[in-house]
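Nothing here was measured: the structure is a model prediction, and the numbers come from that model. Residue numbers start from 1 in every chain, and the chains themselves are labelled A, B, ... in the order their sequence lines are given, proteins ahead of strands.
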Amino acid sequence: MTRYVLRRVGQAALVLWAAFTAGYVLLWLLPGDSILIKFQNPELGLSPQQISEIRAYYGGGDPPLVGYLHTLLGFLRGGFGYSIDTGTPVVERLAEALPETAKLATAGFALAVLIAVVIAFAAGYSRTSWLRGALLAVPSLFISVPAFWLGILLIQVFSFRLGLVPVIGGSPAQQLILPVLTLAVPISAPIAQVLARGIDQVYTQPFVPVVAAKGASRRWILWRHVARNAVLPALTVAGMTFGELIAGSVVTETVFGRNGVGRLTEQAVNAQDTPVMLAVVVLASTVFVLVNLAVDLLFPVLDPRLKAAA
Amino acid sequence: MSLLEVRDLAVSYDARRAVEGISLTVEPGEMVAVVGESGSGKTTTAHAIIGLLPPNATLDGGQILLGGTDLATWSDRRMESIRGAQIGLIPQDPSNSLNPVKTVGAQIGEVLRIHKRGDRRTISRRVVDLLTRVGLPDPETRARQYPHELSGGMRQRVLIAIAIALEPRLIIADEPTSALDVTVQRRILDLIDDLRAEFGTAVLLVTHDLGIAANRSDRLVVMKDGRIEEQGPSSQVLSAPQAAYTGQLLRDAPALSVREFRAVDEAVDETVTQEPAIVVRDLVKEFRVGRRPFRAVDGVSFDVRPGTTHALVGESGSGKTTTARMVVRFAEPTSGTVTIAGAGTGRDFRRHVQLVYQNPYGSLDPRQSVAAIVAEPLRNFRLGDRAARRTRVRDLMERVALPESLLERGPRELSGGQRQRVAIARALAVDPAVVVLDEAVSALDVTVQAQILDLLEELQRDLGLTYLFISHDLAVVRQISHTVSVMNKGRIVEFGTTQRVFTDPRHDYTRELLAAIPEPVL
Amino acid sequence: MKILSWLTVAVVVLWAVVPGLFTGYDPLAGVPAEKLRPPSPEHLFGTDAVGRDLFARVVHGSVHSLSGAFVAVAVGLLAGTLLGLLAGSAGGLLDDAVMRVADVLLSVPGLLLALTVIILLGPGTVHVAIAVGIGSVAAFARLSRSEVVRVRRSDYVEAAFGSGGRFPAVLWRHVLPNSLGPVIALAALQFGVAILAISTLGFLGYGAEPPTPEWGLLISEGRNYLATSWWLTTLPGVVVVAVVLAASRISRSIGRDGT
């Protein structure tokens with residue numbers, strides 16, 4: 001068991017390191033000094049002392065490997081360098097943006113899971129085939145909708161037509177409703193699909209008729225036997241969608257004009273702000289890797305068969 | 001009044017009739033066996049009685065009278081009070097019939113909880129009692145274990161405990177032992193017999209194995225193609241079968257017919273001293289399981305004379321399949337040697353030695369036609385041009401008694417027996433001297449099995465083939481082989497001619513195996 | 001359902017190849033007098049702020065989305081399948097290495113990966129297509145590897161070696177045909193995903209330049225008239241949804257027939 005945990009943790013660390021390295025190599029393919037030159041842009045209004053600090057951080061003039069190690073060390077210490085766009089430390093910009101996105105992502109994920117569970121279990125429980133078919137068609141529709149368009153559509157319907165949610169102003173909770181929905185809909189689709197498929201598959205397992213032969217009702221079978229087994233694959237997929245939450249926030253925050261990590265990313269791309277982009281990529285990758293590590297470690301607890309294997 | 005009376009039952013799947021005109025009775029405390037091959041409708045009949053037909057099935061007509069009340073008219077909700085309490089079920093496949101994420105104890109206790117028999121404390125006490133009753137040592141520990149921590153036989157005992165928990169009047173046992181090793185099989189059937197005597201429960205036993213049915217049941221119901229061919233007291237049906245089909249089943253069931261042993265001398269010309277076709281010496285295969293090496297095959301040696309059949313017989317995990325795989329060079333021995341007379345090295349080896357698999361469906365590429373499958377070895381070894389290959393494929397099809405009309409079909413469109421014939425034809429394409437048959441008839445129904453065994457015998461006579469026959473089924477081995485090695489835990493515990501091993505077993509394990517075969521009745 | 005899906009895709013492909021058959025209007029030049037007209041028999045999808053026919057713009061825009069998606073799928077399919085095949089048939093250290101690379105690619109969300117590539121290559125239709133394609137490499141690599149491993153373990157592949165087959169022959173005759181089905185199904189699915197991703201990047205402004213009628217850009221331009229002209233954003237979006245939905249339906253039917 002401890003060996004299993006250690007191996008998984010090691011793998012996660014390796015993936016993170018590789019993601020950082022790949023990002024670094026990609027983004028620094030632009031010759032190193034050209035970044036430094038940008039900092040000398042008088043529009044940024046940096047003092048000569050700040051410029052020399054930044055130069056020291058990026059190891060201006062150092063060989064590439066030293067520069068890489070320098071940045072890696074910086075990341076490990078929690079320092080992500082300086083934004084090319086504004087000259088401020090990346091950490092500050094991230095810290096500013098993160099709470100908004102965290103709020104959005106948490107609510108969005110919770111809603112996505114809720115939608116997925118309702119769809120999958122309603123389909124699993126319904127006996128009328130047209131209702132089942134209709135419910136199962138919902139996720140494939142959800143996954144085909146461009147998030148940015150959905151956001152616009154929601155604004156159009158709920159703000160302009162029905163006037164239910166104010167376009168400007170409104171309480172923070174009101175402002176959150178439509179973005180959360182926009183974020184949740186595409187993410188709920190894969191979870192719902194896997195959960196529904198899982199439920200179907202568990203129903204074909206030979207142990208289900210054995211439970212029925214004990215005199216169990218349909219509801220008893222669904223909740224006490226099928227659900228527990230069907231949740232396992234859905235958990236894996238739910239973990240995989242965590243990365244999409246950050247990607248989704250790019251679109252959602254742009255459409256709804258919210259400030260967060262997504263908006264920051266968009267600005268970074270527009271300004272070719274590679275240090276910020278690298279930080280965002282590493283952040284997304286870290287969230288993804290940590291969540292999936294947690295899922296992996298949770299699995300043996302939920303499925304006793306894996307405890308033996310682990 | 002009978003305990004169970006089924007009158008004129010008819011069931012359809014997606015509007016296609018599966019069973020029809022089924023009428024049978026079960027008296028209190030009686031064991032009635034429903035026998036038939038796959039597709040005969042025996043399982044459908046059993047599931048209809050307990051009301052557990054799959055969603056695409058409909059009950060078209062007939063009555064199911066349990067103690068006089070007609071269950072066929074009952075709603076699903078109402079049936080819930082009957083299931084578990086008055087009718088119990090012992091399912092077919094113990095490995096998947098328990099929920100993998102719940103403890104064994106919870107799953108036995110569940111039937112008590114559903115029918116609200118007692119509180120948590122009394123239920124857990126009853127669970128331990130039940131586990132003790134079905135013969136599981138250390139029941140308190142077992143109750144806390146998960147299904148995957150138990151062996152197949154133990155799991156089947158747990159399922160029996162579930163079935164008897166509320167002492168129902170009728171238990172439906174659907175192929176309760178077909179997934180188990182023979183020795184375990186016997187113990188499970190003995191347990192069912194004991195419980196029947198103790199509680200006076202009637203058992204409706206569904207099985208494909210006429211041997212088991214003959215030995216254990218009071219009455220027999222023989223089914224074929226969704227209809228009842230014949231029914232009556234077991235002794236009467238067995239001694240004087242009325243239906244032609246029953247007679248055929250009795251002849252084909254390897255356990256029941258007493259054939260002459262195949263003698264070695266009959267197959268071999270004694271005047272010429274021949275070197276053995278296969279020589280296996282001190283064969284060892286180790287696998288790594290975690291950090292410990294595990295010896296799957298532990299010092300196996302045997303010889304096979306040309307033109308004869310040598311059987312490797314044993315239960316699952318005995319190492320027989322691993323041995324076969326080393327003989328055909330699909331696995332590397334850890335140590336020891338396999339010598340096959342006249343076989344080349346490298347790829348040429350494959351022209352000399354061929355393997356036929358247990359599952360013919362898995363060993364045929366689903367995307368190829370029969371013609372392409374049979375011609376593949378010829379293409380690989382560049383034997384003949386296109387026209388010559390086509391003629392050769394036709395010959396081979398004739399050899400294995402398959403009509404030419406099947407040539408363009410895919411494996412999916414063939415029956416199990418036809419698929420195995422295709423696999424045999426492919427094996428014979430390059431004129432091998434040695435054919436290794438790995439459980440080659442185990443997946444087939446008895447009548448088909450008998451046909452394939454006849455075909456194998458005929459091919460051996462005509463082509464002088466040497467067979468290495470891997471099987472768990474002693475009755476089949478008795479019929480086809482000249483010499484036998486009995487394997488247990490990676491070692492050969494007994495070797496000899498088939499006649500000697502079957503009539504005068506010297507090792508305890510062999511005796512135990514033989515005792516598990518049902519007695520011949522003809 | 002299946003026929004409807006193929007029909008949808010066929011129509012959109014025809015839009016891209018012979019747009020003139022479907023609309024007589026110019027997608028770029030507008031008639032200022034007819035600006036912001038709601039949908040009518042004359043202008044099926046209405047007109048935009050400079051009086052251009054929206055339907056004509058959607059029809060002419062299909063070529064950007066389709067060719068982009070085609071390039072993206074080609075990049076993902078070729079690179080991914082090659083990596084997966086290599087990993088699955090070689091096994092060992094190479095397998096481990098390729099799969100770890102796939103893990104890393106998977107750990108970065110597709111959109112962020114695409115944006116990173118865009119920082120590097122700069123915006124533009126082709127760059128966006130390549131960026132989206134790179135995002136799908138990992139999925140193709142994983143799937144094709146697992147398929148190859150599954151097929152390689154099957155009895156019929158061993159039987160093919162058993163009847164004297166050499167590695168390339170067995171690979172070509174048995175492993176490839178049997179593992180290709182799910183990969184093709186994924187390609188169909190990724191086609192829809194790529195159209196979504198390309199329109200998203202177009203919406204964010206990294207794709208084609210403004211007068212070009214790229215679908216994402218169309219919707220983005222319509223945002224300024226949300227309160228008054230609903231059709232400018234809604235109708236192009238419906239077209240995108242229809243195409244993506246059709247691609248995923250087709251993918252599913254391929255997946256079913258393939259196994």
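Taking both residues in full, the closest heavy atoms of H174(C) and D365(B) are given as ND1-OD2, 2.6 Å, listed atom of the first, atom of the second, then distance. Closest heavy-atom contact between D155(C) and S363(B): CB-CA, 3.7 Å. Listed here is the closest heavy atom pair of G162(C) and F330(B): CA-CZ, 3.6 Å. Taking each heavy atom of E376(B) and A160(C) in turn, the nearest pair found is OE2-CB, 3.8 Å.
The CG atom of L176(C) sits 11.0 Å away from atom CZ of R367(B), with the distance rounded to the nearest 0.5 Å. The distance from atom OG of S163(C) to atom CZ of R347(B), rounded to the nearest 0.5 Å, is 10.0 Å. Once rounded to the nearest 0.5 Å, the distance linking CZ of F161(C) with CG of L355(B) reads 14.5 Å.
Between E158(C) and Y357(B), the side chains place a donor N or O and an acceptor N or O closer than 3.5 Å (distance only, hydrogens not considered).
Contact of R329(B) with chain C is not made at all, since no heavy-atom distance falls under 4.5 Å. Heavy atoms closer than 4.5 Å to chain C are found nowhere in Q358(B), neither backbone nor side chain.
Here the side chains of Y156(C) and P366(B) are in contact, with some heavy-atom distance below 4.5 Å.
Under a cut-off of 6.0 angstrom, the local environment of CZ in R392(B) is crowded, with over 12 non-hydrogen atoms contributed by other residues, nucleotides or ligands. In this structure, E413(B) places its CD atom where more than 12 heavy-atom neighbours from other residues, nucleotides or ligands lie under 6.0 Å away. Heavy atoms from other residues, nucleotides or ligands lying under 6.0 Å from CZ of R100(C) number more than 12.
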